[in-house]
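The next block holds one structure in the form of structure tokens; read it before the comments.
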Amino acid sequence: EPEVTQTPSHQVTQMGQEVILRCVPISNHLYFYWYRQILGQKVEFLVSFYNNEISEKSEIFDDQFSVERPDGSNFTLKIRSTKLEDSAMYFCATATGNTGELFFGEGSRLTVL
Amino acid sequence: AQKVTQAQTEISVVEKEDVTLDCVYETRDTTYYLFWYKQPPSGELVFLIRRNSFDEQNEISGRYSWNFQKSTSSFNFTITASQVVDSAVYFCALNSVKSSGSRLTFGEGTQLTVNP
């Protein structure tokens, strides 16, 4: 069964460092998303990406965050200068359409020291 | 604005008991989708069900059943004859559909512990 693949599964970084989280979507999917879950809390929407541009972003997704799909396959989330509060599990999700089922990756755990 | 409320933070049951997880939602959209996801201790999000706003039929899948009541804006999830492997955090979510993509709003989650 096709799946969304995320790398790395866990990354530890120092505050102020740049981090790139990668996602390989399911091949025929057109809609891409990043969600975040701080430990013990609910899953929060960060950004949606469609037709090679951001279609919606939340208030969490500030100037420190960026997304791109540089080679037409990988979908990346970059955090330019990490802060302690960026420590969380980051989930990539993809979908064929905009009506519902999102397929989630297994998540990338980011720890900022 | 959309909102999903899961009032039960934690539930603890003994194996074989039935358990119902509550979900109440708020939306101004007439077309929307509701979901349940399971998050086991390993951390991944496992899709359980999607329900659209025009389909109020209840659904049963094995030991799982869902009760969608539009009149009370609720989408409750029942596990019959619970098992230890059902122990997880369960999230209810609401999807706002737009032409350029959709955005899930999650509830706070209910931690279900099934004890042997």
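Treat the numbers as computed from the prediction; the structure is a model and nothing was measured. Quick note on labels: first sequence line is chain A, next is B, and so on, each numbered from 1. All values below were derived from every heavy atom in this structure, side-chain atoms included, with hydrogens, water molecules and symmetry-related copies excluded.
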Is it true that atom [atom1] of [X] has more than 12 heavy atoms of other residues, nucleotides or ligands lying nearer than 6.0 Å?
| X | atom1 | value |
| --- | --- | --- |
| B/K3 | NZ | no |
| A/K83 | NZ | yes |
| B/Q57 | CD | no |
| B/I60 | CD1 | no |
| B/K38 | NZ | yes |
| A/L84 | CG | yes |

- Minimal non-hydrogen separation, A/K42 against B/F91, with atom names: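 Result for this residue pair: CA-CE2, 3.9 Å.
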- Query: In terms of heavy-atom pairs under 4.5 Å with chain B, which of A/E106, A/E44, A/Q37, A/R109 leads?
  - Reply: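 The candidate making the most pairs under 4.5 Å is A/Q37.
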- Query: Which bit of B/Q39 comes within less than 4.5 Å of chain A, counting heavy atoms only: side chain, backbone, both or neither?
  - Reply: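 Contact with chain A: side chain only.
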- Starting at CZ of A/F104, measure out to CZ of B/F47 and round the result to the nearest 0.5 Å.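 Atom-to-atom, A/F104:CZ and B/F47:CZ are 11.0 Å apart.
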- Message: Let me confirm one number: the CG-OH distance from A/L102 to B/Y33, rounded to the nearest 0.5 Å.
- Response: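 These two atoms lie 12.5 Å from each other.
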- Could you tell me whether the side chain of A/Y35 and the main chain of B/L104 form a donor-acceptor pair under 3.5 Å?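 Yes: the side chain of A/Y35 pairs with the backbone of B/L104.
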- Task: Considering only heavy atoms and a distance below 4.5 Å, find which of B/N52, B/V46, B/L45 pairs most often with chain A.
- Result: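 Between B/N52, B/V46, B/L45, the count favours B/L45.
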